[in-house]
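Only one structure is covered here, and it is reproduced in the block below.
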Amino acid sequence: MTDDGTRKIAELVKDAGIAMFTTVDADHRLVSRPMGLQEVEFDGDLWFFADDRSDTVAEVSANPSVNVSFSTRGSWVSVTGDCEVVRDRDRAEQLWSSSVEAWFPDGPTTPGVVLLKVHAHAAQYWDVPGAKVVQLFSLVKAKVTGQRFEGGESGTVELD
């Protein structure tokens with residue numbers, strides 16, 4: 001894991017409150033759903049709350065391979081990794097936020113509340129800095145000049 005790469009991914013996902021969390025179901029199909037990312041400094045792991053009885057928990061218990069994708073203003077990140085179900089009340093209390101209460105109104109002691117910890121292996125990112133007007137201008141310029149749009153930075157970061 002490179003510190004620069006980890007910092008880049010951390011910078012791109014820091015403002016993302018919601019991620020698309022993709023698992024593999026019993027029929028080997030990909031299933032995605034929005035999930036709230038817990039506000040933790042990215043160190044190669046991503047944390048989510050879930051209900052122990054959910055399809056998400058059943059799917060990662062059977063096949064831990066997951067993808068978590070983010071989209072923020074001008075940036076996109078796709079993280080691959082393995083997910084584990086964590087049953088740790090102290091950690092749940094540390095990660096608890098008011099936004100989680102919408103799903104678990106009794107707090108971290110809600111029966112069935114678990115954590116999903118994604119151990120990231122790699123992340124691909126696309127970052128188009130600047131305002132939408134700048135991005136639009138770059139697209140129009142590429143179209144008018146017939147040159148390929150080179151509006152941003154992309155790369156792959158190995159995290160394990």
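To the nearest 0.5 Å, atom CE of residue Met20 and atom OG of residue Ser78 are 12.0 Å apart. From Phe21, atom CZ reaches atom CG of Leu46 across 8.5 Å, with rounding to the nearest 0.5 Å. Atom OG1 of Thr72 is separated from atom CD of Glu11 by 9.5 Å, given to the nearest 0.5 angstrom. Atom CZ of residue Arg73 and atom CG of residue Leu12 lie 14.5 Å apart, to the nearest 0.5 angstrom. Atom CD of Glu59 and atom CG of Leu30 lie 10.0 Å apart (nearest 0.5 Å).
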Start with the C-alpha gap between Arg33 and Thr56, add the side-chain angles, then the distance that decides, and say whether side chain to side chain contact (heavy atoms under 4.5 Å, CB included) holds.
CA-CA 9 Å; Arg33 79 274 294 154; Thr56 307; 2.9 Å; yes

I would like to know whether Trp103 and Phe49 meet side chain to side chain contact (heavy atoms under 4.5 Å, CB included); could you show each step before the answer?
CA-CA 9 Å; Trp103 289 274; Phe49 279 93; over 6 Å; no

List the steps, then state whether side chain to side chain contact (heavy atoms under 4.5 Å, CB included) holds for Glu101 with Asp106.
CA-CA 7 Å; Glu101 287 179 16; Asp106 294 330; over 6 Å; no

Would Gln38 and Val100 count as a side chain to side chain contact (heavy atoms under 4.5 Å, CB included) here? Give the steps.
CA-CA 9 Å; Gln38 300 315 298; Val100 181; 3.4 Å; yes

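Residues Leu37 and Phe48 have side chains in contact (heavy-atom distance under 4.5 Å, counting atoms from C-beta outward). In this structure, Thr23 and Asn63 have side chains that are not in contact, with every pair of non-hydrogen atoms separated by 4.5 Å or more. Put simply, the side chain of Leu115 does not reach to within 4.5 Å of the side chain of Lys117, judged on heavy atoms.
Between Asp45 and Ala120, the shortest heavy-atom distance links the atoms OD1-N, 4.4 Å. Across all non-hydrogen atoms, the minimal contact from Thr156 to Tyr125 is N-CE2, 4.4 Å. Taking all atoms of both residues into account, the shortest heavy-atom contact from Val60 to Leu116 is CG2-CD2, 4.0 Å. Contact between Val24 and His28 at its shortest, heavy atoms only, is CG1-CA, 3.6 Å. The shortest non-hydrogen separation linking Ala10 to Glu41 is CB-OE2, 4.1 Å.
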Please tabulate, one pair per line, all N/O donor-acceptor pairs under 3.5 Å involving side-chain atoms of residues 82-97, not counting sequence neighbours.
unit_1, atom_1, unit_2, atom_2, d
Asp82, OD2, His121, NE2, 2.9
Glu84, OE2, His119, NE2, 2.7
Arg87, NH2, Asp52, OD1, 2.6
Arg87, NH2, Asp52, OD2, 3.4
Asp88, OD1, Asp90, N, 3.0
Asp88, OD1, Arg91, N, 3.0
Arg89, NH1, Pro108, O, 2.3
Arg91, NH1, Gln94, OE1, 2.9
Ser97, OG, Ser99, OG, 3.0

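Looking only at distances, no side-chain donor or acceptor of Asp27 sits under 3.5 Å from a matching main-chain atom of Arg29. Thr110 places a side-chain N or O within donor-acceptor distance of the main-chain N or O of Gly107, the cut-off being under 3.5 Å. A side-chain donor-acceptor contact under 3.5 Å links Ser61 to the backbone of Val57.
The ring-ring contact (aromatic ring centres under 6.0 Å, His included) test applied to Phe70 returns no partner, not counting sequence neighbours.
If you run side chain to side chain contact (heavy atoms under 4.5 Å, CB included) between Thr80 and each of Asn67, Leu159, Val118, Thr22, only Asn67 comes through.
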